[in-house]
Protein chains: 2
Amino acid sequence: MITMTSSAVHTPRGPVTRKDVARYAGVSTAVVSYVVNGGPKKVAPATEAKVQDAIRILGYRPNAAARALKMGSNQTLGLVIPDSSNPFWALLGHAVEVAAAERGYALLLTNSDNKLESERRHIRNLAARQVDGVVLASVMFEPDLLELVGAEIPSVLLNHASIAPGFNSVGVDLEAGARLAVEHLIGHGHTNIGLAMGITADNEADGREEGWRRALEAAGLPVGPLARGGFDRPGGYAAGQQLLAADNRPTAIFASSDMQAIGVLRAIREAGLSVPEDIAVASFDGSVEAEYSWPALTTVEQPVWEMAEAAVSALVGENRNEPPQHRVFPTQLRIRQSCGCP
Amino acid sequence: MITMTSSAVHTPRGPVTRKDVARYAGVSTAVVSYVVNGGPKKVAPATEAKVQDAIRILGYRPNAAARALKMGSNQTLGLVIPDSSNPFWALLGHAVEVAAAERGYALLLTNSDNKLESERRHIRNLAARQVDGVVLASVMFEPDLLELVGAEIPSVLLNHASIAPGFNSVGVDLEAGARLAVEHLIGHGHTNIGLAMGITADNEADGREEGWRRALEAAGLPVGPLARGGFDRPGGYAAGQQLLAADNRPTAIFASSDMQAIGVLRAIREAGLSVPEDIAVASFDGSVEAEYSWPALTTVEQPVWEMAEAAVSALVGENRNEPPQHRVFPTQLRIRQSCGCP
DNA sequence: CACTGGGATCTACTCGAGTCAACAAAAAGC
DNA sequence: GCTTTTTGTTGACTCGAGTAGATCCCAGTG
């Protein structure tokens, strides 16, 4: 065996690099790379063993930044959601993470806290970090995408019906979903159905409002009272109180998110009324919360896992450079007790 | 103005680099760096303006990988949590993200799905990516930290009472918190208090079980029935059913997490009993869910934001190389209705 | 015995940005 | 008017890994 200065071998100050491994194994740096990546050139079994040993003994870890620089990709995606404390977004984040991980990508998660300024900042940050793709669940109906375009980063708009030209999008048919729920409430005999609607940063009405309206019109019913608030529990609570205080208090309420519905339930309880006897409730999202609330919520379920899968697959792999796609997933009404079903 | 080949200026194929900016502005690459980073050397105002213009016009974005390579840091932290669909972890993730962002760090979020193998894989992956620090909320009582040690990555164990030598940790006093809740139930006159306890991957009992036991002993009460299940809603539901079926059915139940408690509530309702009249409930975590459940849960609140702040600050900044700290935060009993209070 | 073929390995350049030593030019001092 | 200082700018080297092209060596062939 070749003698070496013990300082070089036993006390590799700082992180171990490819060079250290090469020296220790008595080969060139190229061979180390070939062994680590299994290519692009063959390495003799004996040499490979030497290198593997050296790697193990020295505790070598390839520098990800260097690889990213050379390869032009850091195998990372960015996700921007309004608020990961909202179970629906939390689940979606989870699903996107899994879909990304399956393809060897890690996920940078950012919360915009429902604030436009914050969303912009995060997008800028992700662009600066040159992630390989961004999944954006915007607080806006018409998100600001200039930064992403400028950085030439593939992006997917999530849960958006708006079709931004040149951008991929995946979402559900909000209008059809809402209609499903409202029609179900109508089926229970309700004629005065209110809407607790969430608000986006740019105050654009989304398909859920339209669906509610359409369902009522189609059934020849008058449009019930409408209250706006955040998509979260407090927002639903406030909207619920508003609806209960309306002149024509509705006998059923459709909420634009499960979280809102949970706030609505609270408002109803505090008013001394009960669900579904006095007021029936249905909502949108299909999060786990809905199943365990009291009473369990009848809700329009979004295929979160499929959506996450579609979003990620549009960003990576062979689809990267294909023309942008707009995938709209169908929703499904999950019937539980809050609507009046047994 | 100097004439240039239009191809170089107007059609910068591929991403724009520092060199392109330098050429366009008619300066050296060093100056571009100085302008971008505001140092380390001064640049004449006129030159700076030229460079800024060039940057704007060409749409230059510094390559993060190159910077990371040179600087030895990618300004990124990793977070490993059991399950971001669990609102407590979701909130914690959110808090860690904010704390990291405040210091200019981005957050790689990973879910271990309560599986040890998955946790290991994520840790290995984060180590390979050479994040600047890892916040680990392990599924294990005694997590496997070799990978992190080997990669010399600063780490913080989260929500862990176990004091792993050489590692930072931040958590709450589980035992004291549990005692708080159980003592409160005792104060309501209950003498048979059951426990719905979560299970970790290595089946180690944590402080919450001990706190429950101690509180009962201190009051001279017999130890009530105990059921184990996951920390999530289904786990609590199962544990709740078990407790209700016990010979000595408890009149009060302490659950080791809010999610479990929500499952317990469901089990109780399905048994035709009501909370808190027939059975009182208290739990641990202090998540938003607890506030909006029915009835609202009396719960032991963890100072999530402070914990996240402490975890991140132990990883970055001047604390990086200080001896590991073990910060234990106090909990606070948030009294609502599930315990029997009005 | 010289000669080719091919497998194994090495040398050297590249990715893009940070920054220091060296240098030029302008300002200040005497 | 000639040094000194200051200010502004630059060339060149560095970080660590991927890999094309050159080189080396040995078995097999004519």
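Reminder, nothing fancy here: chain letters follow the sequence lines and each chain counts from 1.
- Residue S112(B) comes nearest to P82(B) through the heavy atom pair OG-CA, 3.3 Å, listed as atom of the first residue, atom of the second, then distance.
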From CA spacing to verdict: salt bridge (charged side-chain N to carboxylate O under 4.0 Å, His left out), R124(B), E119(B)
CA-CA 9 Å; R124(B) 215 175 309 132; E119(B) 175 176 310; over 6 Å; no
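- Computed from coordinates, the N37(B) CG to dA17(C) P distance equals 10 Å when rounded to whole Å.
- Defined by atom type and a distance below 3.5 Å, a donor-acceptor pair is present between the side-chain atoms of E97(A) and N111(B).
- Counted by atom type alone, R121(B) and N125(B) present zero donor-acceptor pairs between their side chains at under 3.5 Å.
- Partners of R18(B) under the salt bridge (charged side-chain N to carboxylate O under 4.0 Å, His left out) rule, at least two apart in sequence or in another chain, do not exist in this structure.
- For an aromatic pair to be called close, the ring centres must be under 6.0 Å apart, and H94(A) with W305(A) satisfies this.
- Side-chain N/O atoms of N63(B) include none lying less than 4.0 angstrom from OP1 or OP2 on dC15(C).
- Rounded to an integer number of Å, the gap from R23(B) CZ to dG16(C) P is 12 Å.
- Nearest to the side-chain atoms of S33(A) among the listed nucleotides dA17(C), dC20(C), dA17(D) stands dA17(D).
- Per the geometry, NZ belonging to K19(A) stands 15 Å off C1' belonging to dC10(C), to the nearest Å.
- For DNA chain C, the residues of residues 66-77 of chain A within the heavy-atom distance limit of 4.0 Å (strictly under) are L69(A), K70(A), sorted by number.
- In terms of heavy atoms, N168(B) sits closest to S155(B) at ND2-O, 3.3 Å.
- Distances shown here put a side-chain N or O of Y60(B) below 4.0 Å from the OP1 or OP2 atom of dA17(C).
- Side-chain polar atoms of S73(A) and D132(A) form a donor-acceptor pair below 3.5 angstrom.
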Could I get a table of every N or O pair under 3.5 Å where one atom is in the protein and the other is in nucleotides 9-11 of chain D?
from, atom 1, to, atom 2, distance (Å)
dT9(D), OP1, T47(B), OG1, 2.4
dT9(D), OP2, A44(B), N, 3.1
dT9(D), OP2, T47(B), OG1, 3.4
dT10(D), OP2, S28(B), N, 2.8
dT10(D), OP2, S28(B), OG, 3.3
dT10(D), O4, Y34(B), OH, 3.3

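- Within the 4.0 angstrom heavy-atom criterion, only backbone atoms of the sugar-phosphate kind lie near T17(A); the bases stay farther away.
- Using a cut-off of 4.0 Å between Lys/Arg side-chain N and Asp/Glu carboxylate O, D53(B) and K50(B) are scored as not salt-bridged.
- Counting distance only, with no hydrogens placed and no angle test, the side-chain atoms of R61(B) and the base atoms of dG16(C) include no donor-acceptor pair under 3.5 Å.
- Across the protein-nucleic acid pair, R129(B) atom CZ and dA17(D) atom C1' stand 16 Å apart, rounded to whole Å.
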